[in-house]
Asker: 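First, the structure itself, so that you have it in front of you.
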Amino acid sequence: MAGFVKEVTSRRSALEDISKRLLFPWEYPVRELQLGEAVGKRSACEIINDMPYPPFCRSLRDGYAVRHGDAAGATPGTPLFLTKRGEVLMGQDPDFGISSSEAALIPTGGILPEGADAVVMLEDTELAGGWIEVRRGVQAGENIIFKGEEIPQGERLLAAGGMVDFQTIGMLATAGVSRLPVIGLKISILSTGDEIVPVEMKELPPGCLRDVNGWNLKALLSRYGFEAEYRGIANDDGAEFERRFHEELAGCDLLILSGGSSVGVRDHCSEMLASLPEPGLLVRGLNIVPGKPTLIAADAAAKKLVVSLPGHPLSCLTVAFTVLLPLLLRRIGSENAVCGTRTRLPLSRDLAARTGPEEFVPCVLGADGSVAPVAAKSGYISVLAKASGLICVPEDRETIRAGEDAEVWLWQ
Ligand SMILES: Nc1nc2c(c(=O)[nH]1)N[C@H]1C(S)=C(S)[C@@H](COP(=O)(O)OP(=O)(O)OC[C@H]3O[C@@H](n4cnc5c(N)ncnc54)[C@H](O)[C@@H]3O)O[C@H]1N2
Ligand code: MOO
């Protein structure tokens, strides 16, 4: 039988020791997807820009392409006069160049003619007889982007494990990446507990609650680029749980359980995890609050991981964010083993803490850049909807006073 957790491991050393012991990174299955389907997923390979961006020197304004020296010092009171050399048409390579004292009409996005190095905006010019009157001087490079200026050829657009999202997909599109391999790890989520019922159940039987953790975990993983399958709820019956555990593990690379990890006749998780082949159970309790009854196990030969999270929803989500995701990022060999942003921000009110465990406290980011800890119990659920992230209070810290900087792990 499981029993209370007595020996606990620090979160940091658990992550490091497991990564070393299991010789992370491990290979992962790969799925080839269309660019649009890859949104919110992680690239399985490094993506290199194979052509300079932009591919030609282009104008950022409607105006006249000029040599900047020819327009130097022009003002409305002391305009300069240039001759019109020609007109650049959108999507066409100009078949002429600009010589001294010449200008060419150019649309926003047009290819800059040879010899020109700046664009005077249309509103800073006037047609005066056969001349173009320039009423404002320009610097070299003004209102244009040079060929390869932003993304040189050969530059890395995305690291292996990097996310395809609103920040990166534009680069991939411009580089013509219409399909790409994404990390296709099979992740299954199984909630446990006889008192946990499916979301579809309208009338709750006494003592029962609808499954929260399964959905929280699925959404959290998806937010950070990992697709996970919600596999429902396993009941606490020993033999049936054992059957279900092995069935689920056979079908995935990472099995995430929640509930049933602390103590009691129904707490079969630690027994199941300990029964795995080499190395089996690696962590049986973490020195974090909330989240102490966390179990981590692996079957190295089969390259399978099992993480059993505490049942209380806030504890479950906290460990998923602070331990499970960093572990997963190490498993895939991501350069950045952090989800969201870790920073230091001043507290807007005192945060009572005790030395010993590492504590994670939900917090709300204020408009003034400070954070306020939110009082929450490990069984709370709605606090997540308000929180911007978690304050991390290290093992050796006691109460942090208002105005003092605290370590904050923001979701974003
Ligand atoms: N006497 C002690 N009691 C407890 C200890 C302890 O050291 N001594 N540890 C506490 C801590 S800390 C936690 S966290 C919980 C974790 O227990 P389990 O991981 O075994 O989880 P359960 O007992 O199955 O569930 C705890 C709680 O959460 C509810 N739950 C479980 N799964 C879900 C779900 N999918 N969705 C929504 N809610 C869920 C469950 O009904 C329980 O109320 O143990 C403390 N107890
Ligand atoms: O870990 Mo329990 O998660 O402290 O509530």
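In listed order, ligands and their atoms are each counted from 1.
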Asker: Salt bridge or not for R397 and E395, using N-O below 4.0 Å?
Answerer: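 Salt bridge between R397 and E395, a charged N being under 4.0 Å from a carboxylate O: no.
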Asker: Any salt bridge between D299 and K304, counting N to O under 4.0 Å?
Answerer: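 No, D299 and K304 are not salt-bridged.
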Asker: So, E227 and R31, do they make that salt bridge, N to O below 4.0 Å?
Answerer: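 Here E227 pairs with R31 in a salt bridge, since their nearest N and O are under 4.0 Å apart.
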Asker: Indicate yes or no: does E398 engage R354 in a salt bridge with an N to O separation below 4.0 Å.
Answerer: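 So E398 does not pair with R354 through a salt bridge.
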Asker: Tell me whether S378 has any N or O atom under 3.5 angstrom from an N or O of ligand 2.
Answerer: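 Checking ligand 2 against S378, an N or O pair does fall under 3.5 Å apart.
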Asker: What is the nearest protein non-hydrogen atom to atom 2 (Mo) of ligand 2, stated with its residue, atom name and distance?
Answerer: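 Answer for atom 2 (Mo) of ligand 2: S315 OG, 3.6 Å.
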Asker: Just jot down the ligand 2 atoms closer than 4.0 angstrom to any heavy atom of K292, in number order.
Answerer: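 So the atoms of ligand 2 that pass are 1 (O).
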Asker: Which residue pairs pass the side chain to side chain donor-acceptor pair (under 3.5 Å) test when at least one of the two sits in residues 330-344, sequence neighbours left out?
Answerer: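 The answer is R156-E335.
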Asker: Taking only Lys NZ, Arg NE, NH1 and NH2, and the carboxylate oxygens of Asp or Glu, determine whether E16 and K20 approach each other closer than 4.0 Å.
Answerer: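 No, E16 and K20 are not salt-bridged.
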Asker: Does any N or O atom in P313 lie less than 3.5 angstrom from one in ligand 1, N or O only?
Answerer: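 No, P313 has no N/O under 3.5 Å of an N/O on ligand 1.
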Asker: Do other residues, nucleotides or ligands put more than 12 heavy atoms under 6.0 Å from E32 CD?
Answerer: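 Atom CD in E32 is packed in, count exceeds 12.
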Asker: Indicate yes or no: does an N/O atom of P290 lie under 3.5 Å from an N/O atom of ligand 2?
Answerer: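 No: no nitrogen or oxygen of P290 is under 3.5 Å from one in ligand 2.
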Asker: Is the closest heavy-atom distance from S378 to ligand 1 below 4.0 Å?
Answerer: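 Under 4.0 Å: no for S378.
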Asker: What pairs of residues pass the ring-ring contact (aromatic ring centres under 6.0 Å, His included) test when at least one of them lies in residues 390-412, not counting sequence neighbours?
Answerer: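 Sorted result for residues 390-412: F321-W411, F360-W409.
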Asker: Which of these, I189, V197, N213, has its nearest heavy atom closest to atom 33 (C) of ligand 1?
Answerer: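 Comparing heavy atoms across I189, V197, N213, the nearest one to atom 33 (C) of ligand 1 lies in N213.
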Asker: Which ligand 2 atoms, with their elements, are less than 4.0 angstrom from a heavy-atom of P293?
Answerer: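 Counting atoms of ligand 2 from 1, those under 4.0 Å from P293 are 1 (O).
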Asker: State whether the number of non-hydrogen atoms from other residues, nucleotides or ligands found under 6.0 Å of E27 atom CD is greater than 12.
Answerer: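 For E27, atom CD is not crowded (no more than 12 foreign heavy atoms under 6.0 Å).
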Asker: Does S315 reach ligand 1 with a nitrogen or oxygen that is under 3.5 Å from one of the ligand's nitrogen or oxygen atoms?
Answerer: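 No, there is no polar N/O contact under 3.5 Å.
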Asker: What atoms of ligand 1 come closer than 4.0 angstrom to any heavy atom of D211?
Answerer: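 In order of number, 34 (C), 35 (N), 36 (N).
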Asker: Is it true that, when you exclude E240 itself, more than 12 heavy atoms of the residues, nucleotides or ligands shown sit nearer than 6.0 Å to its CD?
Answerer: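 Above 12, so yes.
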Asker: Numbering the atoms of ligand 2 from 1, which are under 4.0 Å from a heavy atom of H312?
Answerer: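 Close to H312: 5 (O).
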Asker: Would you check whether K292 reaches within less than 4.0 Å of ligand 1, judged by its heavy atoms?
Answerer: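 So K292 does not count as touching ligand 1.
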Asker: Near P310, which atoms of ligand 1 are under 4.0 Å from a heavy atom of that residue?
Answerer: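 Listed by number with element: 14 (S), 19 (O).
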Asker: Please could you name the atoms of ligand 1 that G259 approaches to less than 4.0 Å, counting only its heavy atoms?
Answerer: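 Those of ligand 1 that fall under 4.0 Å from G259 are 19 (O), 21 (O), 24 (O).
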Asker: Return the residue, atom name and 0.1 Å-rounded distance of the protein heavy atom closest to atom 1 (O) of ligand 2.
Answerer: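 Nearest protein contact, heavy atoms only, for atom 1 (O) of ligand 2 is G291 N, 2.4 Å.
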